[in-house]
Every structure is written in structure tokens, then in C-alpha cells.
Amino acid sequence: HQVRALKALVDKNVIACIGNSYIHNYGFQKDYTKWKTVAYKGNSPLPIEATEPLPVKAPTKDNKETIQKKGGALTFIRTIIEEYKRLKGYDKQPDWDKNYYARHVRAAKELYKIAGEEWQKAMEWVSKRDYCDWTLETVIKKFPDFKKPQYIKP
């Protein structure tokens, strides 16, 4: 497969081949005007295929469930972090996402895994307790206490 692909790129002059019959040196043809069988859009140095947006991976029978699960979990993780920021007052800090967002993703995933749909109630419950500097990790640790019947409000 590699040899056929390389030969096709050499034939199209996208890859330049220099050498004799024993030793070949390959290199990328930087001058795109020398490429063959590739149409260009205006003065763009990219082929038309490269200037068009990539197709979105359409759901199929094989990947539909995976796409839905991934999108759903990612949405919840973002929502958990946004709610955490709101409860802690970090939503007013413009650089918070840049400095701390990535650090909280793991904890948000873990919270979503153990709390499911109850993550928001658990987070609000922890925020109303006397935990001075509570974090998402605190919510995860205190979730069993939140689930105890004495703390559940009707």
C-alpha cells in the first residue's frame, strides 16, 4: 500500500523523487504549481479539497452510540466545571479557564461518573456546608454523606 501511495504521489509530482535505480531520495514538492491533476481555488496554495471543510463524521450504526456517549459526557463535564466556577465565584475571573480548567477536567469526569444526574445537587449541598475551600474533589469525597437519607431533602 505504501509503495502504491508513494508512486501515485510521485506521478502527481506532489513528492519529488531524486536518485538512481538503486537509491531514491524523496522530498515534498513545495511548489504546488508543479503538482499534476490537482485543481486550485483562486490564488490559494492549497488544493480545492483542502480548502473545503472536512465532512462531519456522520452517525452510523457502528459509531452512533459512541458519538452520543462522548458528546453527552463532554457536555456534562463542561457544565459541571461552569457550575463549579459559578458557585465559587470564579466565573468573574477572566483567566480562570486558561489557568485552571484542564486541572478540573479529571475531577469533573469522576464526579459525573459517581454522581450521575445528581452532581449539581451534591455540589450545591457541599457549597452550603462549612468547608472553607471546597473543590470538586471535596464533592467527590463527600458524595456518600450527601447520599445518606438524613441529608436528602424532599
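Predicted model only: the values in this text are computed from it and were never measured.
Under the rule for a side-chain hydrogen bond (donor to acceptor under 3.5 Å, both in side chains), R103 has no partner lying at least two apart in sequence or in another chain. Not a single salt bridge (charged side-chain N to carboxylate O under 4.0 Å, His left out) links K121 to another residue, sequence neighbours left out. Not counting sequence neighbours, the partners of K7 by the salt bridge (charged side-chain N to carboxylate O under 4.0 Å, His left out) test are D11. When the side chain to side chain contact (heavy atoms under 4.5 Å, CB included) test is applied to L9, the partners found at least two apart in sequence or on another chain are V14, I15. Taking R106 as the reference, E137 meet the side chain to side chain contact (heavy atoms under 4.5 Å, CB included) condition, with sequence neighbours excluded. Judged as a ring pair (Phe, Tyr, Trp, His ring centres under 6.0 Å), and not counting sequence neighbours, the contacts of Y100 are W96.
Residues I81 and A108 share a closest heavy-atom pair of CG1-CB, 3.9 Å. When all heavy atoms of K109 and I77 are compared, the pair lying nearest together is CG-CD1, 3.1 Å. Nearest heavy-atom pair, L136 versus M123, reported as atom, atom and distance to 0.1 Å: CD2-CE, 3.9 Å. Summarising the geometry of I140 relative to A107, their closest heavy-atom pair is CD1-O, 3.4 Å, with the distance given to 0.1 Å.
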> So D145 and W125, side-chain contact (heavy atoms from CB on, under 4.5 Å) or not? Walk me through it.
Replying inline: CA-CA 10 Å; D145 294 339; W125 179 82; 3.8 Å; yes
>> For E118 and K147: C-alpha separation, side-chain torsions, deciding distance, then whether side-chain contact (heavy atoms from CB on, under 4.5 Å) applies.
In response: CA-CA 10 Å; E118 294 183 305; K147 291 298 287 178; 2.8 Å; yes
> Would E82 and D91 satisfy side-chain contact (heavy atoms from CB on, under 4.5 Å), going step by step from the backbone distance to the final call?
Replying inline: CA-CA 8 Å; E82 290 303 315; D91 55 342; 5.7 Å; no
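Between Y84 and W119, the ring center distance fails the sub-6.0 Å criterion.
Annotation: the span from T135 atom OG1 to K141 atom NZ amounts to 7.0 Å, rounded to 0.5 Å. A distance of 8.0 Å separates CD1 of I80 from OH of Y112, quoted to the nearest 0.5 Å. A distance of 11.0 Å separates CG in L111 from OG1 in T138, rounded to the nearest 0.5 Å.
For the pair E83/E124, a side-chain contact is recorded, criterion being any heavy-atom separation below 4.5 Å from C-beta on. Residues T79 and Q120 have side chains not in contact (no heavy-atom distance under 4.5 Å, counting atoms from C-beta outward).
K88 forms a cation-pi arrangement with W134, by the criterion of a distance under 6.0 Å to the ring centre and an angle within 45° of the ring axis.
A single hydrophobic cluster is seen to contain both V10 and F28, as judged by linkage of ILVMFWY side chains at heavy-atom distances under 4.5 Å, directly or through other members.
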